Visitor: 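Can you keep this structure in mind? I'll have questions shortly.
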Amino acid sequence: MATVPMKAEMEQVGRRLSRWQANLVLVLACAAILAVLLIFSLSDIFVQFGKGGRILAWSCLVAMGAAAIWRVNVILKQPRTVLGIAALIERAFPQLDNHLINYIQFASSPNRSAFIEAYVRRGVPEWRQINIEAMKDRKAHMRANIVLAAALLFLVAPAFAAG
């Protein structure tokens with residue numbers, strides 16, 4: 001591909017999508033870590049782990065934290081192609097009707113016919129009406145935040161009861 005039109009805008013959208021995905025994974029991982037910490041804490045109360053059991057429990061928690069950090073890092077570092085980002089955008093906004101991908105492909109083709117030149121000159125006027133924020137799965141993020149808050153509440157609640 002020669003020069004890719006709208007490359008900077010597509011890369012910016014790709015970074016935003018990656019951040020949203022990484023945020024969702026991080027929140028869910030924190031909720032899982034807190035839930036496992038609660039389970040280990042309750043198990044320790046009833047079973048009374050020895051030193052080895054507590055070390056094993058903390059090792060599991062540290063491993064879960066490391067895995068979460070690794071996964072978030074992979075999501076943030078994973079390269080997204082301009083055409084891949086355009087495909088995601090077109091899937092989310094059907095009104096684009098393949099115009100975005102066609103524009104990117106036609107504009108980056110080295111030998112252009114008169115039809116392709118006219119298509120490229122037209123641009124993608126629908127692009128300016130697109131609200132990328134609408135691509136965020138707000139329900140999933142809200143549910144993840146609720147799960148995190150519930151895990152934190154269940155972990156902290158015994159402290160209020162016990163004093």
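Predicted, not measured: the structure shown is a model, and the values here were computed from it. This chain uses plain numbering: 1 for the first residue, then up along the sequence.
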Visitor: Which heavy atom in L96 sits nearest to a heavy atom in W127, and how many Å separate them?
Guide: CD2-N, 4.3 Å
Visitor: Treating Ile, Leu, Val, Met, Phe, Trp and Tyr as nodes and any side-chain heavy-atom pair under 4.5 angstrom as an edge, say whether V25 and I69 lie in one connected cluster.
Guide: no
Visitor: Taking salt bridge (Lys or Arg N to Asp or Glu O under 4.0 Å) as the test, write out the residues that go with R15, two or more places apart.
Guide: none
Visitor: Measure the OG1-NZ distance between T81 and K7 for me, rounded to the nearest 0.5 Å.
Guide: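 Going from OG1 on T81 over to NZ on K7, the span is 11.0 Å.
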Visitor: With side-chain contact (heavy atoms from CB on, under 4.5 Å) as the test, would you mind laying out the steps for F93 and M135 before giving the verdict?
Guide: CA-CA 9 Å; F93 302 103; M135 290 180 70; 3.5 Å; yes
Visitor: Heavy atoms only: give me the nearest V147-A31 pair and the separation to one decimal.
Guide: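 Looking at all heavy atoms of both residues, the shortest contact is CG1-CB, 3.7 Å.
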Visitor: CD1 of I85 to CD of E11: how many Å apart, nearest 0.5 Å?
Guide: 6.5 Å
Visitor: Do V72 and L24 sit in the same hydrophobic cluster, where Ile, Leu, Val, Met, Phe, Trp and Tyr count as joined when their side-chain heavy atoms come under 4.5 Å apart?
Guide: no
Visitor: Can you name the nearest heavy-atom pair linking A151 to A35, along with the distance?
Guide: CB-N, 4.4 Å
Visitor: Look at the side-chain heavy atoms of Ile, Leu, Val, Met, Phe, Trp and Tyr, link any pair under 4.5 Å apart, and say whether L38 and F160 land in one connected group.
Guide: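 Yes; tracing contacts between hydrophobic side chains, which count when under 4.5 Å, links both residues.
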Visitor: Are F49 and L37 linked, directly or through other ILVMFWY residues, by side chains that come within less than 4.5 angstrom of each other?
Guide: no
Visitor: Looking at CD of Q105 and CD1 of I116, how far apart are the two atoms once the value is rounded to the nearest 0.5 Å?
Guide: 10.0 Å
Visitor: Quick one: CG on L76 to CZ on R71, what's the gap to the nearest 0.5 Å?
Guide: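 One gets 10.0 Å once the value is rounded to the nearest 0.5 Å.
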Visitor: Give the minimum heavy-atom separation between A144 and L28, together with the two atoms involved.
Guide: CB-CD2, 3.7 Å
Visitor: Report yes if the side chains of H99 and Y119 come closer than 4.5 Å at any heavy-atom pair, otherwise no.
Guide: yes
Visitor: If you round to the nearest 0.5 Å, how far is CD1 of I39 from SG of C60?
Guide: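 The SG atom of C60 sits 11.5 Å away from the CD1 atom of I39.
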Visitor: With a 4.5 Å limit on heavy-atom distance, are the side chains of W58 and L61 in contact?
Guide: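 Result yes, sub-4.5 Å side-chain heavy-atom pair found.
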Visitor: Under the rule for side-chain contact (heavy atoms from CB on, under 4.5 Å), what residues qualify as partners of L152, not counting sequence neighbours?
Guide: L34, V156
Visitor: Is the backbone of H141 close enough, under 3.5 Å, to the side chain of N145 for a donor and an acceptor to pair up by distance?
Guide: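 Yes; judged by distance alone, with no hydrogens or angles, the pair exists.
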Visitor: Apply salt bridge (Lys or Arg N to Asp or Glu O under 4.0 Å) to E9 and R16, showing your working.
Guide: CA-CA 11 Å; E9 290 179 73; R16 187 179 297 175; over 6 Å; no
Visitor: So, taking the atom named CZ in F40 and the one named CD1 in I45, what distance separates them when rounded to the nearest 0.5 Å?
Guide: 14.0 Å
Visitor: Consider only side-chain heavy atoms of I, L, V, M, F, W and Y, link residues closer than 4.5 Å, and tell whether I101 and I132 are in one cluster.
Guide: yes
Visitor: Can you name the residues that form a salt bridge (Lys or Arg N to Asp or Glu O under 4.0 Å) with D137, not counting sequence neighbours?
Guide: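 In terms of salt bridge (Lys or Arg N to Asp or Glu O under 4.0 Å), with neighbours along the sequence ignored, D137 is linked to no residue.
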Visitor: Can you confirm whether L100 sits close enough to M10 that some side-chain heavy atom of one is under 4.5 Å from a side-chain heavy atom of the other?
Guide: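 Side-chain contact under 4.5 Å: yes.
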Visitor: Considering only heavy atoms from C-beta outward, does the side chain of L17 approach that of W20 to under 4.5 Å?
Guide: yes
Visitor: Could you go step by step and tell me if C30 and V27 meet the side-chain contact (heavy atoms from CB on, under 4.5 Å) rule?
Guide: CA-CA 5 Å; C30 287; V27 168; 5.8 Å; no
Visitor: Does the side-chain contact (heavy atoms from CB on, under 4.5 Å) test come out yes or no for L88 and R80, once each step is laid out?
Guide: CA-CA 11 Å; L88 288 172; R80 294 179 185 254; 3.4 Å; yes
Visitor: Would a distance-only check, ignoring hydrogens and angles, find a side-chain to backbone donor-acceptor pair under 3.5 Å from Q95 to E126?
Guide: no
